[in-house]
Amino acid sequence: MEAGASAPPFEPSASAPPFEPSASAPSFADASPSPGVQQTAPPAVPAVPAAPAAAVEFERRFVIEAGRAPPRPPDPTRATFSVEGEYQLRYRAMTALRLEAPASDPGATTLGQHQFIAHWLRLTSRFHYKDKASVVAQLDLVRGLIAGDTTRHVDQVRDARAALSWAEVHPRYLYLEVPTAIGIVRLGQQGAHWGMGLVANDGERPSHFGDYTRGSLVERALLAATPMGRDGPLVLTVAGDLVLEDNAADLLGNDVEGQDAGAGDLAVQAVVSALWRARRGEVGIYGALRRQTRERRTPAGVVPFTEALTAGVIDVAGRFDAPVPGGGAHVYGEIEAAAVLGATTFAPSDAALPTVPRGGRGPATVRSVGGAATLGAVHVAVRGARPADRWGRVVTELEVGYASGDDDPGDGVARRFTFDPSHNVGLLLFDEVLAWKTARAATLTENERSGEVPAPGLRALPSKGGVFGAAYVNPRLVVRPARWLDLKAGAVIAHATADPIDPYRADDDGDLANYDGGDRRRRDLGVELDLGVDARIAMGRLLTIQLGTEAGAFFPGGAFNDAAGTALPDQFLLTLKLGLIH
């Protein structure tokens, strides 16, 4: 198992007070009751004087406008029920991505997918019995690839887009939340999110570029207590989890097509966290201990063995915001840093070790670290006293991140750290190029290696779009001429933190090379440029239409040169977006 991906999910979210029942459900960025086109007062009514810019409190929706209204809080006098939902449709076109061809199909030198249409429908219902108890349910009713090209030889990854699938039902949440005198108790299947979502991400948070994915889902018993009073600054949380699915585990065994299908991971974890909340920010720390096993057999199906992980995680996260003196602007920031320590036979580096006698390999030591920080500023436009009359006119952000890599596959230490795929950094480098190169490498290693001893940890080798083994700088800019319109731009400059090594080539040839067969000592990953436009059109108070497009251009660095020194061709991507939000 990949060291970074083994980090377990946590709760409560650092972005919302855990004792608001609405905060226990998916968190939405838009706090306006009627997002969309700016509303103006009738001519006969005098205009409301604009509030002083300095008096406007910072809101997360100033940074990211999602076209969503927050869930309504419980009514203490009666029972209430509500249903919200969103339907998203995507068309994507991309250039051919060069990949290593399998020996069984030498003509498959690319991913094979040039354009496709995908969709998903997510429904969320909330039942509140006054303010005494709440039940939250969420379901992805349809999700999948509905038209276009399919991928090939990347089946060692979940959501490989290898076949058309109009309807895939995925239950996400079904939990009970009860406020008590000492805090809240939450029981059932639920999402988990902490900090910036690097190691635990509930798959609900919009980002400037890219889409959120499945997220971390757990069967959880949780108690979150406020020992300094209900509205006190300190929140202490303890939880016990059976992991349904996250970036490292899949209880039902649906993560890989082929021989591993149906053989799920049994992952359990204990979680403790402490969060200190203040008016202008919060800081928290959590720790967790995780045990994960998966039963497997050798390629011939003769010798059974168990892949196992025992690991501890320490993660520190915080955020702040502050008004800029003398102007209608705010500065804000977030930071998260994590370390994973333990032992595992899931380590992707094991795949590069020579064949050993029947019975498998010994565990590798896990030593991985990762983190990210964002610093930004937003200028707020104020056109009236209502929340709908205030929005972030100009947003500038700079995110930097680091994830350790592993350039010595034979030393028995797994150092690779991988961010959760729902923490998006750009559109192409991590979400497409490295995601599919690692998926092809894992698939070839599993399907074409010789001998009776399989390669442990191949399911953790595909990055699934998460940042791994890299340091990056990601500046972003958003301009909103009106609240309903975003004009956005971004860039990603990245460098590998360790030699990028393809375990398939190491296993097959006995030498070490990058994913294209080139010099592994080249660590320049390249530069990516992204542009996008998003529009949100409110159709009354019940429906918001989302329209948008995103385009990315990736100019690869020397880390993607092949054995002859030929550079990876420049990569381009275009996405057209349509969404309906209720």
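With sequence neighbours left out, the salt bridge (charged side-chain N to carboxylate O under 4.0 Å, His left out) criterion links Asp211 to Arg90. Residues that satisfy the salt bridge (charged side-chain N to carboxylate O under 4.0 Å, His left out) test with Glu245, not counting sequence neighbours, are Arg158, Arg214. Tyr332 meets the ring-ring contact (aromatic ring centres under 6.0 Å, His included) test with Phe58; sequence neighbours excluded. Taking Arg98 as the reference, Asp516, Asp562 meet the salt bridge (charged side-chain N to carboxylate O under 4.0 Å, His left out) condition, with sequence neighbours excluded. Listed by chain and number, the residues in a salt bridge (charged side-chain N to carboxylate O under 4.0 Å, His left out) with Arg476 are Glu397, Glu399 (sequence neighbours excluded).
Partner of Arg152 under the side chain to side chain contact (heavy atoms under 4.5 Å, CB included) criterion, out of Thr443, Thr110, Leu99: Thr110 alone. Of the residues listed (Arg60, Arg480, Arg483), the one engaging Glu65 in a side-chain hydrogen bond (donor to acceptor under 3.5 Å, both in side chains) is Arg483, and it is the only one.
A distance-only check finds a donor-acceptor pair linking the side chain of Thr151 to the backbone of Ala160 [under 3.5 Å]. Judged by distance alone, with hydrogens and angles left aside, the side-chain atoms of His128 form no donor-acceptor pair with the main-chain N or O of Ser134 at under 3.5 Å. No donor-acceptor pair under 3.5 Å is formed between the side chain of Arg205 and the backbone N or O of Tyr212. Of the possible donor and acceptor atoms, none in the side chain of Gln156 sits under 3.5 Å from a partner among the backbone N and O of Ala442. Here the side chain of Arg416 pairs a donor or acceptor atom with the backbone of Leu461 at under 3.5 angstrom. When atom types are taken as modelled, the side chain of Asp241 and the backbone of Arg220 share no donor-acceptor pair closer than 3.5 angstrom.
A salt bridge between Glu86 and Arg68 is present, with a side-chain N of the basic residue lying under 4.0 Å from a carboxylate O of the acidic one. The residues Asp486 and Arg536 are annotated as salt-bridged, a charged nitrogen and a carboxylate oxygen being separated by less than 4.0 angstrom.
Judged as a salt bridge (Lys or Arg N to Asp or Glu O under 4.0 Å), the pairs with a partner in residues 133-145 (not counting sequence neighbours) are, in order, Arg122-Asp140, Asp140-Arg143.
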Item to complete: Check step by step if side-chain contact (heavy atoms from CB on, under 4.5 Å) holds for Phe560 and Leu525.
Response: CA-CA 7 Å; Phe560 295 102; Leu525 294 175; 4.1 Å; yes

Discussion item. As a quick check of understanding, evaluate salt bridge (Lys or Arg N to Asp or Glu O under 4.0 Å) for Arg290 and Asp246, giving each step before the final call.
Written reply: CA-CA 13 Å; Arg290 178 165 176 149; Asp246 62 12; 2.9 Å; yes

Fill in: Trace of the side-chain contact (heavy atoms from CB on, under 4.5 Å) decision for Glu432 with Leu97
CA-CA 9 Å; Glu432 296 289 330; Leu97 176 62; 5.7 Å; no

Worksheet item: Please walk me through it: do Asp149 and Phe116 pass side-chain contact (heavy atoms from CB on, under 4.5 Å)?
Response: CA-CA 6 Å; Asp149 304 322; Phe116 66 87; 5.8 Å; no

Worksheet entry | side-chain contact (heavy atoms from CB on, under 4.5 Å) between Phe417 and Val340, worked out | CA-CA 8 Å; Phe417 190 102; Val340 183; 4.0 Å; yes

Discussion item. Pair Thr95, Gln571 - check side-chain hydrogen bond (donor to acceptor under 3.5 Å, both in side chains), show working.
Written reply: CA-CA 6 Å; Thr95 52; Gln571 301 292 302; 3.2 Å; yes

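Taking all atoms of both residues into account, the shortest heavy-atom contact from Ala317 to Gly195 is CB-CA, 3.8 Å. Across all non-hydrogen atoms, the minimal contact from Phe419 to Tyr472 is CE2-OH, 3.6 Å. Closest non-hydrogen pair, Glu550 versus Leu427, comes out as OE1-CD2, 3.4 Å. A pairwise comparison of heavy atoms in Lys464 and Pro421 identifies O-CB, 3.3 Å as the closest pair. Contact record, Phe62 with Val378: O-CG2, 3.8 Å, taken as the closest heavy-atom pair. Across Gly148 and Leu164, no two heavy atoms sit closer than the pair O-CD2, 4.1 Å.
With rounding to the nearest 0.5 angstrom, the CG atom of Leu139 is 10.5 Å from the CG atom of Leu174. The structure places CG of Leu198 at 7.0 Å from CG of Asp315, a figure rounded to the nearest 0.5 Å. Here Trp120 contributes atom CH2 and Thr213 contributes atom OG1; the two are 9.5 Å apart, rounded to the nearest 0.5 Å. Note that the NE2 atom of His423 and the CG atom of Asn201 stand 8.5 Å from one another [nearest 0.5 Å]. With rounding to the nearest 0.5 angstrom, the CG atom of Leu89 is 9.5 Å from the CG atom of Leu576. Atom CG of Asn514 and atom CD of Glu100 lie 10.5 Å apart (nearest 0.5 Å).
Side chains of Gln546 and Asp534 form no contact here, defined as non-hydrogen atoms less than 4.5 Å apart. Here the side chains of Phe468 and Leu434 are in contact, with some heavy-atom distance below 4.5 Å. Using a 4.5 Å heavy-atom cutoff, the side chains of Leu580 and Ile545 are in contact. Contact check for Val243 versus Leu251: no side-chain heavy atoms found under the 4.5 Å cut-off.
Under 3.5 Å, the side chains of Tyr91 and Gln115 contain a donor-acceptor pair of N or O atoms. In this model, a donor atom of one side chain and an acceptor atom of the other lie less than 3.5 Å apart for Glu204 and Gln138.
Crowding of Phe572 atom CZ: a count of heavy atoms from other residues, nucleotides or ligands under 6.0 Å exceeding 12.
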